[in-house]
There are 2 protein chains.
Amino acid sequence: MSVLRMEAQRHRASHSPHISLDDQALATYRNQVTVGDSIALMEKLPAGSVDVIFADPPYNLQLQGALQRPDQSDVDAVDDAWDQFDSFAAYDAFTSAWLLAARRILKPNGTLWVIGSYHNIFRVGASLQDLGYWVLNDVVWRKTNPMPNFKGRRFANAHETLIWAARSEAGKKYTFNYDALKAANDDVQMRSDWTLPICTGGERLKDDDGNKVHPTQKPEALLARVLLASTKPGDLVLDPFFGTGTTGAVAKKLGRDFIGFEREHAYADAARARIEAVEPVPDAAQSMLQGKRAQPRVPFNALLEAGYIMPGEELVDGRGRHSALVRADGTLASGDHEGSIHKVGALVEDQQACNGWTFWHTKRDGNLVLIDDYRAEIRKKAV
Amino acid sequence: MSVLRMEAQRHRASHSPHISLDDQALATYRNQVTVGDSIALMEKLPAGSVDVIFADPPYNLQLQGALQRPDQSDVDAVDDAWDQFDSFAAYDAFTSAWLLAARRILKPNGTLWVIGSYHNIFRVGASLQDLGYWVLNDVVWRKTNPMPNFKGRRFANAHETLIWAARSEAGKKYTFNYDALKAANDDVQMRSDWTLPICTGGERLKDDDGNKVHPTQKPEALLARVLLASTKPGDLVLDPFFGTGTTGAVAKKLGRDFIGFEREHAYADAARARIEAVEPVPDAAQSMLQGKRAQPRVPFNALLEAGYIMPGEELVDGRGRHSALVRADGTLASGDHEGSIHKVGALVEDQQACNGWTFWHTKRDGNLVLIDDYRAEIRKKAV
DNA sequence: ACGTCTTCTGAATCTCGGG
DNA sequence: GCCCGAGATTCAGAAGACG
């Protein structure tokens, strides 16, 4: 919505006797960032007035002590007060309350998005099902550059989960721009897993000291997919945990209206300044949707999983001077040496490094087959 | 476990008075597929007897007999909110019941895997958190070849979610083969998103008419990753919803023991035949890459005792910025600082911590030799 | 200007054995 | 259960430093 349209609407709302109280309430908050408690503010909005709600609620991370990287530097933890809850019960009560308030103001065919991690997303998902929302998809945001697991005790937490739900099972006429998404995705229908980098670089809001303004700012590309998938131009999008306003910035860029509720003045101020600077671009949709088509990484264990190589098989180098046993865990063993295809290659050759892909071969019908050839085949299939 | 070992164990269990009742119960079910109700069967197993549980529970709310109302009446397929809540409640009761039974038989440091989709995974996740399980990761199985969304009204459902949880927050010594996974993944740590094809082709069990035996047979590669990540060879893995026995087939192939519980005779029969045909990988290929944490500890003193380092000698760091005197008692002294190789390393570097093994060097013929190299030699001899 | 090397950082429930 | 001390642990990408 243009600034002119915004002004005109607010003018009507406050001056015309023909405008209902409901419309006035909506106009008060439309394209504004309002500081306050989300639930109390949502209760001021008329029922059935919002097309889409995007919510990035506190995750209830329950972090224990400090965490250090292997180089001894400190990890900047999300230790803010707003993420602290006494118990799962307290978190559930909070979750049900805001989901209930959100449901009242959603249009009958409106949809809700919530993002979370394993700390909270099961609570959120169960709550919204209990309240009558109808899950349409869970969507996985795969991070290209997640924070690693520094202590090597778990899988690297490389994704977050979004739930996309209709207001109710009856709300079957929700907006889903299937064809636009498909066209932007090289004519393949959009899947439930989205591969996107986290928010860094120039997009990340920093204060004067160079510190990040918000600990969990989401990338605009993520919000762009959400809005382009589930809203039409001119639709009204509410974000009850507005933070630094990624939802508002993307909404403005894509010609959608937004309502932002945020408890912290500092975040709200940053969001206002940020959105003010956003220029709506007519063709933003196309550019924002294009995902990167990186060559998929195929690790050695994919060859075992695909059946190209069997555990217990022997690999040899091109000149037949070295051999190694393929173990079921996807590692090699050769004499005293064990490790990845690269490490064992380096060890048997007594070199610092070795590209195992172009070093090791299988024996097939008396011929040597480079394992890199299998990788190429897997890549071909994976597209 | 070999067939011979299996037979021997069952023989002992039934004939020797020295075998406890608990051991007898375990031996009865070990490497067997047992038909019956999972919960009732789990209650027959001794507490704390299972290393890992993998569960692929039913989630179809309407069609499962287990999900009848308490009065045995069928849940009606009407879609009003009350009935929805009713069926969720029934599903939650079922979920809590099997998760509780599973938790009793898990070893204190055992872990649980559950796989599901957005229909049920939020219920499962919330339930297991409520019961005291401690979530370690949620893992996303990205399907390379998912079924498309035919109606074009949602995103293609291209993934399923696994939850990996410890029995409790206290169970910190769960098995996680970090180093093996990393080596098999081209020396990059394994992430929480796994890209694998669905179960098709020759792996998919078909009946005589060419129809698939089980509607949701999981790929063996998925189970292989689960077991390679969280079990050791010889561990005992329970699958309470065994289906056509992917868990058992992979367990046998990788040298793990399994217990399979399945309600349907047809699935159990198919699973038995399938597992019977499985050939375990050779023993040598079953051994897994062990990381540094698994290696025996070598005190610094051992280097002095073995004559690699002499008391009175000087150690230096790699960049030649610090030096320390080796004292006869195996401690270092550097300026005002004294203590272990680690403590003095940290003190001279003004860091919180330091791995002395990879910090200090001896000077030999003008070259620096890392003291960790001496440790490696001692470890090699100790074998 | 250009390429290379170094430094920094991101929603994180992040060690383990012995006394 | 607690406390203490040994010693193990990171990937991608942006930005800055340096030659």
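All heavy atoms count here, side chains included; hydrogens, waters and symmetry mates do not. Predicted model, so just to flag it, every value in this text is computed and none were measured. Order of the sequence lines fixes the chain letters, A, B, ..., with proteins taken first and strands second; residue numbering starts at 1 for each chain.
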Inset, instruction - Check every atom of C:dA11, C:dT15, D:dA8 against the side chain of A:R153 and return the nucleotide holding the closest atom. - result: C:dT15

Legend entry - Nucleotide D:dG7, atom C1' - distance to CG of B:L332 in whole Å: 14 Å

Legend entry - Nucleotide forming a Watson-Crick or wobble pair with C:dA12, both distances under 3.5 Å: none

Legend entry - Whole-Å gap separating C1' (C:dA11) and CE (A:M147): 8 Å

Inset, instruction - Please determine if A:R153 forms a cation-pi arrangement with B:Y174, meaning its NZ or CZ atom is less than 6.0 Å from the six-membered ring centre and no more than 45° off the ring axis. - result: yes

Inset, instruction - Please check if any side-chain donor atom of A:D193 sits under 3.5 Å from a side-chain acceptor atom of A:H159, or the reverse. - result: no

Legend entry - Proximal nucleotide (of C:dT15, D:dT10, D:dG7) relative to the B:N355 side chain: D:dG7

Legend entry - B:K182 side chain near D:dT10 phosphate (N/O to OP1/OP2, under 4.0 Å): yes

Inset, instruction - Take the protein atom CZ of A:F88 and the nucleotide atom C1' of C:dT13, then report the distance between them rounded to whole Å. - result: 9 Å

Legend entry - A:N149, nearest nucleotide to its side chain (from C:dA11, C:dC14, D:dG7): C:dC14

Legend entry - Closest-nucleotide 5' rank along DNA chain C - winner of A:T200 and A:H119: A:T200

Legend entry - Nucleotide nearest A:D83 when distance is taken to its side chain, options D:dA6, C:dA11, C:dT9: C:dA11

Legend entry - Minimum-distance nucleotide to A:R204 side chain [options: C:dA12, D:dA8, C:dG10]: C:dG10

Inset, instruction - Please confirm whether the backbone N or O of A:A158 pairs with a side-chain atom of B:S192, one donor and one acceptor, at under 3.5 Å? - result: yes

Inset, instruction - Give none if C:dG19 has no partner; otherwise give the nucleotide forming a Watson-Crick or G-U wobble pair with it, both distances under 3.5 Å. - result: D:dC2

Legend entry - Distance-only side-chain donor-acceptor flag, A:T246 / A:R274, under 3.5 Å: yes

Legend entry - Closest nucleotide among C:dG10, D:dT10, D:dA8 to the B:Y178 side chain: D:dT10

Inset, instruction - Taking the six-membered ring for Trp and the full ring for Phe, Tyr or His, determine whether the centres of A:H119 and A:Y59 are under 6.0 Å apart. - result: no

Legend entry - A:R69 side-chain proximity, nearest of C:dG17, C:dT9, C:dT13: C:dT9

Inset, instruction - Figure out the CD1/P separation between A:I198 and C:dG10, and round it to whole Å. - result: 8 Å

Legend entry - Closest nucleotide among C:dA11, D:dG13, D:dA8 to the A:T216 side chain: C:dA11

Legend entry - Pairing partner of D:dT9 (Watson-Crick or G-U wobble, both distances under 3.5 Å): none

Legend entry - Gap in Å between the two P atoms, one belonging to C:dA1 and one to D:dG16, rounded: 16 Å

Inset, instruction - Ignoring backbone atoms, test whether A:N157 places a side-chain nitrogen or oxygen under 4.0 Å from the OP1 or OP2 oxygen of C:dA12. - result: no

Inset, instruction - With a 3.5 angstrom cut-off on both distances, give the Watson-Crick or G-U wobble partner of C:dC2, or none if there isn't one. - result: D:dG19

Inset, instruction - Look at the side chain of B:R293 and decide which nucleotide, out of D:dC11, D:dG7, D:dT9, has an atom nearest to it. - result: D:dT9

